[in-house]
Amino acid sequence: HNGPRRPQVGPRVQGFLKKISFKEGSAVTKGLELFKIEEEQYAAQVKAAEALLMKTQATLANAETDFNRQKNLLENNVAAQKDFDKANAFYLECKAAVMAAEASLEQAKLNLSYTTITAPFDGRIGFFTYSEGNLVGPNSKRLANVVKLDPIRIQFNMSEVDLVELQLNRTIKEDNSERDKYIVLIRFQNGVLYDREGRVSFADNKVNSSTGTILIEALFPNPDHIVAPGMFVKV
């Protein structure tokens, strides 16, 4: 059975769906914009965070100047220790305020970037769940699924007898490179043999005691997308 890589594409911030940039069932490339959430409020948050950072940086500059002045006065026995301690405490508070403002700005920029949702890899995208104008957010259903078609994963079960004979348990545990020595071929339901070879990429860590089999996975090149997601084949 073909078990395609099928991550769900979903929003990480809340907002109205502004734009859908793809056709259902079309091929997509990694990084291609799929959805756009209204970004105005998140752009405003970035500007507010930038303003707060500038304000805290200005306060820090003044606090640093006063701290250095009080330090020099104390070293020359002109200022009292308590005045220096007060200046030092305020200087440290301003430093912390700048760090907090910087973190807020980074988060605001991150939230703004989340308003653009892109394809996680090359593949084919399915139906979308929402329409333009719908309110979506982290708790919404997935917006769409993207299926990776090349390479494509084929999952099958191997019996205990075959497992021992091929010694997959030893080769996978001791030397992952040994897996490449095993070639996997598949035949379609109409009896035609696929003309490309697959390689074992994964084996489960235990045998299913009820069936006496172990789950194996192989990766096949599929540049022409002949092997379709959900297809059953003979291995």
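Only this structure's heavy atoms are used, side chains among them; waters, hydrogens and symmetry mates stay out. Please read these numbers as outputs of a predicted model, since none were measured by experiment. Throughout, residue positions are numbered sequentially from 1 according to the sequence presented.
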Participant: Please identify which of these residues, I20, L143, L135, meets the side chain to side chain contact (heavy atoms under 4.5 Å, CB included) condition with Y130.
Facilitator: L143

Participant: Give the intermediate values and the outcome of side-chain contact (heavy atoms from CB on, under 4.5 Å) for residues N72 and E75.
Facilitator: CA-CA 5 Å; N72 290 332; E75 290 173 349; 3.9 Å; yes

Participant: So, the side chain of D150 versus the backbone of N222: is there a donor-acceptor pair under 3.5 Å, distance only?
Facilitator: yes

Participant: Take I216 and V235, measure what side-chain contact (heavy atoms from CB on, under 4.5 Å) needs, and give me the verdict at the end.
Facilitator: CA-CA 11 Å; I216 307 292; V235 176; over 6 Å; no

Participant: Examine L53 and L60 and state if one hydrophobic cluster contains both, with Ile, Leu, Val, Met, Phe, Trp and Tyr joined whenever side-chain heavy atoms are less than 4.5 Å apart.
Facilitator: yes

Participant: If hydrophobic clusters are built from ILVMFWY residues whose side chains come within less than 4.5 Å, do L219 and V146 share one?
Facilitator: no

Participant: With rounding to the nearest 0.5 angstrom, report the CG to CD distance, N111 to Q107.
Facilitator: 4.5 Å

Participant: Determine whether a donor-acceptor pair (N or O, by modelled atom type, separation under 3.5 Å) exists between the side chain of R124 and the backbone of G25.
Facilitator: yes

Participant: Determine the minimum heavy-atom distance between I125 and K23, stating which atoms define it.
Facilitator: CG2-O, 3.9 Å

Participant: Would you say K109 and L105 make side-chain contact, with heavy atoms under 4.5 Å?
Facilitator: yes

Participant: Please report the interatomic distance CZ(R142) to OG1(T129), rounded to the nearest 0.5 Å.
Facilitator: 3.5 Å

Participant: Tell me, do I214 and N208 make a side-chain contact under 4.5 Å, heavy atoms counted?
Facilitator: no

Participant: Indicate yes or no for a side-chain donor-acceptor contact from D122 to the backbone of K30 under 3.5 Å, with no hydrogens or angles considered.
Facilitator: yes

Participant: Nearest heavy-atom pair of V184 and A218: which atoms, and what distance?
Facilitator: CG2-CB, 3.9 Å

Participant: What are the two closest heavy atoms between A101 and T56, and how far apart are they?
Facilitator: CB-OG1, 3.7 Å

Participant: Can you give me the closest heavy-atom contact between A119 and V28, atom names plus distance?
Facilitator: CB-CG2, 4.0 Å

Participant: Distance-only, no hydrogens or angles: does the S140 side chain make a donor-acceptor pair with backbone N or O of G137 under 3.5 Å?
Facilitator: yes

Participant: Quick one: closest heavy-atom pair of P229 and L149, and the distance?
Facilitator: CG-CD2, 3.4 Å

Participant: State yes or no: do V147 and I226 share one hydrophobic cluster built from I, L, V, M, F, W and Y residues joined by side-chain heavy-atom distances below 4.5 Å, directly or via other members?
Facilitator: yes

Participant: Enumerate the ring pair (Phe, Tyr, Trp, His ring centres under 6.0 Å) contacts for residues 32-61, please, sequence neighbours excluded, ordered by first and then second residue.
Facilitator: F22-F35

Participant: According to a 4.5 Å side-chain heavy-atom criterion applied to Ile, Leu, Val, Met, Phe, Trp and Tyr, with indirect links allowed, do Y114 and I37 form part of one hydrophobic cluster?
Facilitator: yes

Participant: Please check if the side chain of T59 supplies one atom and the backbone of K55 the other of a donor-acceptor pair under 3.5 Å.
Facilitator: yes

Participant: With side chains defined as the heavy atoms from C-beta onward, is the minimum distance between E39 and L112 less than 4.5 Å?
Facilitator: yes

Participant: With heavy-atom distances below 4.5 Å as the criterion, would you say the side chains of E106 and L110 are in contact?
Facilitator: no

Participant: Just wondering, do E197 and L185 contact through their side chains at under 4.5 Å, heavy atoms?
Facilitator: yes

Participant: Got a sec: does the CZ of F188 have more than 12 other heavy atoms crowding it under 6.0 Å?
Facilitator: yes

Participant: Is it true that a side-chain atom of T29 and a backbone atom of L32 form a donor plus acceptor pair closer than 3.5 Å?
Facilitator: no

Participant: Donor-acceptor pair, distance only, cut-off 3.5 Å: does the side chain of Q57 make one with the backbone of V98?
Facilitator: no

Participant: Quick one: NZ on K18 to CD on E40, what's the gap to the nearest 0.5 Å?
Facilitator: 5.0 Å

Participant: So do the side chains of I186 and M231 get within less than 4.5 Å of each other, counting heavy atoms only?
Facilitator: no

Participant: Report the distance from atom CZ of R187 to atom CG of L193, rounding to the nearest 0.5 Å.
Facilitator: 5.0 Å

Participant: Minimum heavy-atom separation for I152 and A228, please, with both atom names.
Facilitator: CD1-C, 4.5 Å

Participant: Is the backbone N or O of T213 less than 3.5 Å from a side-chain atom of N157, with the two atoms forming a donor-acceptor pair by type?
Facilitator: no

Participant: Using a 4.5 Å cut-off on heavy atoms from C-beta on, say whether the side chain of E64 contacts that of C94.
Facilitator: no

Participant: Hydrophobic clusters here meaning ILVMFWY residues chained together by side-chain heavy-atom distances under 4.5 Å, can you tell me if F156 and Y194 are in one?
Facilitator: yes

Participant: Got a second to check how far S209's OG is from E160's CD, nearest 0.5 Å?
Facilitator: 9.0 Å

Participant: Just how far is it from atom NZ of K234 to atom CD of Q189, taken to the nearest 0.5 Å?
Facilitator: 7.0 Å

Participant: Looking at K36, I'd like to know if its NZ atom is crowded, meaning that more than 12 non-hydrogen atoms belonging to other residues, nucleotides or ligands lie closer than 6.0 Å.
Facilitator: yes

Participant: Counting C-beta onward and ignoring hydrogens, is there a side-chain heavy-atom pair between R199 and I183 closer than 4.5 Å?
Facilitator: yes

Participant: Please set out all donor-acceptor pairs under 3.5 angstrom arising from side-chain atoms of residues 77-85, sequence neighbours excluded.
Facilitator:
from: Q81; atom 1: NE2; to: D85; atom 2: OD1; distance (Å): 2.9

